[in-house]
*Asks:* 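First the structure, then my questions, so here it is.
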Amino acid sequence: MDDDREIVNLAQQLLRQRRSTSDLPAAPAKVHPEVEGIEATGEARPDRTDVPKAKEIKTAAELAQMIEADLAKHPDCPKNGFRVTVYGATLWRAMLTITPAAGPIRNPQEWRDFTEELAERIRKRYDLAWH
């Protein structure tokens with residue numbers, strides 16, 4: 001799928017920016033199903049109408065769960081110990097917390113950067129619900 005290649009390319013670019021040799025192979029499986037229709041530009045695919053759609057509203061917990069699901073598809077993502085927190089308002093952000101349950105993690109900043117990149121893609125389609 002094109003979305004798979006976009007995520008792989010995004011991860012590879014991120015890893016190349018951080019260091020010249022990578023300990024983490026950048027090969028996430030698939031983007032969360034609710035985000036599949038978003039191109040790298042964040043715009044709808046050409047086969048869709050050009051009429052701008054209103055963003056869907058999701059809670060912070062729902063957005064965090066979507067990002068965690070995308071992270072979990074990366075082959076080097078630990079099974080436990082990664083927790084995403086979504087915060088903010090109009091321009092919401094995502095923060096990755098790595099707990100001891102994750103075990104030893106090489107280059108934790110790369111995982112945090114990857115989390116923010118995933119959030120950026122999702123942010124183009126979803127707004128954070130105000131509660």
Side-chain angles (χ1 to χ4, degrees):
M1 289 186 126
D2 289 338
D3 291 331
D4 291 343
R5 280 182 260 147
E6 288 175 23
I7 289 292
V8 170
N9 288 337
L10 175 67
Q12 288 172 338
Q13 290 170 2
L14 231 174
L15 292 172
R16 274 195 296 267
Q17 288 174 353
R18 291 289 168 198
R19 67 180 197 282
S20 58
T21 59
S22 175
D23 294 330
L24 299 173
K30 190 176 175 191
V31 175
H32 194 277
E34 294 186 34
V35 187
E36 285 187 19
I38 300 175
E39 296 293 330
T41 62
E43 298 174 10
R45 290 185 175 154
D47 58 335
R48 298 186 182 190
T49 63
D50 290 341
V51 178
K53 292 184 179 180
K55 290 183 179 180
E56 290 183 52
I57 306 295
K58 296 279 187 184
T59 65
E62 290 172 321
L63 293 168
Q65 185 178 20
M66 289 170 67
I67 296 167
E68 287 173 355
D70 285 344
L71 283 169
K73 292 175 184 171
H74 191 288
D76 291 330
C77 184
K79 301 286 184 222
N80 298 306
F82 274 17
R83 187 177 67 229
V84 174
T85 303
V86 171
Y87 63 96
T90 306
L91 183 61
W92 58 269
R93 305 236 4 222
M95 175 182 70
L96 175 67
T97 303
I98 302 171
T99 67
I105 299 294
R106 289 186 178 172
N107 307 307
Q109 187 58 46
E110 290 179 11
W111 285 104
R112 290 183 180 105
D113 292 343
F114 187 48
T115 299
E116 184 55 35
E117 292 292 329
L118 291 171
E120 186 175 320
R121 292 174 55 90
I122 293 172
R123 189 170 34 244
K124 292 175 182 176
R125 184 165 177 192
Y126 298 101
D127 277 332
L128 179 61
W130 290 63
H131 287 291

*Asks:* If you define the side chain from C-beta out and look only at heavy atoms, does anything of Phe114 sit under 4.5 Å from Leu96?
*Replies:*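 Counting from C-beta outward, Phe114 and Leu96 never come under 4.5 Å.
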*Asks:* For a quick test of reading the model, state the closest non-hydrogen atom pair linking Phe82 to Glu68 and the distance between them.
*Replies:*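 That closest heavy-atom pairing would be O-OE2, 4.1 Å.
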*Asks:* Show, in sequence, the C-alpha distance, side-chain angles and deciding distance for Glu116 and Arg123, and conclude whether the salt bridge (Lys or Arg N to Asp or Glu O under 4.0 Å) test is met.
*Replies:* CA-CA 10 Å; Glu116 184 55 35; Arg123 189 170 34 244; 3.1 Å; yes
*Asks:* Indicate the atoms forming the closest heavy-atom contact of Leu63 with Asp127, along with that distance.
*Replies:*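 For Leu63 and Asp127, the tightest heavy-atom pair comes out as CD1-O, 4.4 Å.
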*Asks:* Nearest 0.5 Å, what's the CD1-CZ distance between Ile105 and Arg112?
*Replies:*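 These two atoms lie 9.5 Å from each other.
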*Asks:* Within a strict 4.5 Å, meaning less than it, do heavy atoms of the Trp111 and His74 side chains meet?
*Replies:*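 Side-chain contact under 4.5 Å: yes.
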*Asks:* Do Tyr126 and Met95 sit in one hydrophobic cluster, given that two such residues count as connected whenever their side-chain heavy atoms are within less than 4.5 Å of each other, even indirectly?
*Replies:*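 No, separate clusters.
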*Asks:* How long is the gap from CD1 on Ile67 to OG1 on Thr115, to the nearest 0.5 Å?
*Replies:*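 With rounding to 0.5 Å, CD1 (Ile67) is 7.5 Å from OG1 (Thr115).
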*Asks:* At their closest point, which heavy atom of Asp70 faces which heavy atom of Ile122, and how far apart are they?
*Replies:*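 Of all heavy-atom pairs spanning Asp70 and Ile122, the closest is OD2-CD1, 4.1 Å.
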*Asks:* Could you give the distance from NZ (Lys73) to CG (Leu118), rounded to the nearest 0.5 Å?
*Replies:*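 Between Lys73 NZ and Leu118 CG, I get 10.0 Å after rounding to 0.5 Å.
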*Asks:* Measure the spacing between CZ of Arg93 and CD of Glu120 and express it to the nearest 0.5 Å.
*Replies:*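 With rounding to 0.5 Å, CZ (Arg93) is 9.5 Å from CD (Glu120).
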*Asks:* Rounded to the nearest 0.5 Å, what separates atom CG in Leu128 from atom NZ in Lys55?
*Replies:*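 That separation rounds to 11.0 Å.
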*Asks:* Atom OG1 of Thr97 and atom CZ of Arg83: how far apart are they, to the nearest 0.5 Å?
*Replies:*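 The CZ atom of Arg83 is 4.5 Å from OG1 of Thr97, to the nearest 0.5 Å.
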*Asks:* Please report the closest heavy-atom contact between Val84 and Ala64, naming both atoms and the distance.
*Replies:*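 In this case the closest contact between Val84 and Ala64 is O-CB, 3.4 Å.
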*Asks:* At their closest point, which heavy atom of Ala119 faces which heavy atom of Ala94, and how far apart are they?
*Replies:*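 Nearest heavy atoms, Ala119 then Ala94: CB-CB, 3.6 Å.
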*Asks:* What are the two closest heavy atoms between Pro108 and Ile98, and how far apart are they?
*Replies:*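 Heavy-atom minimum between the residues: CB-CD1, 3.6 Å.
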*Asks:* Does any N or O in the side chain of Trp92 come within less than 3.5 Å of the main-chain N or O of Ala129, such that one atom is a donor and the other an acceptor?
*Replies:*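 Answer holds: no.
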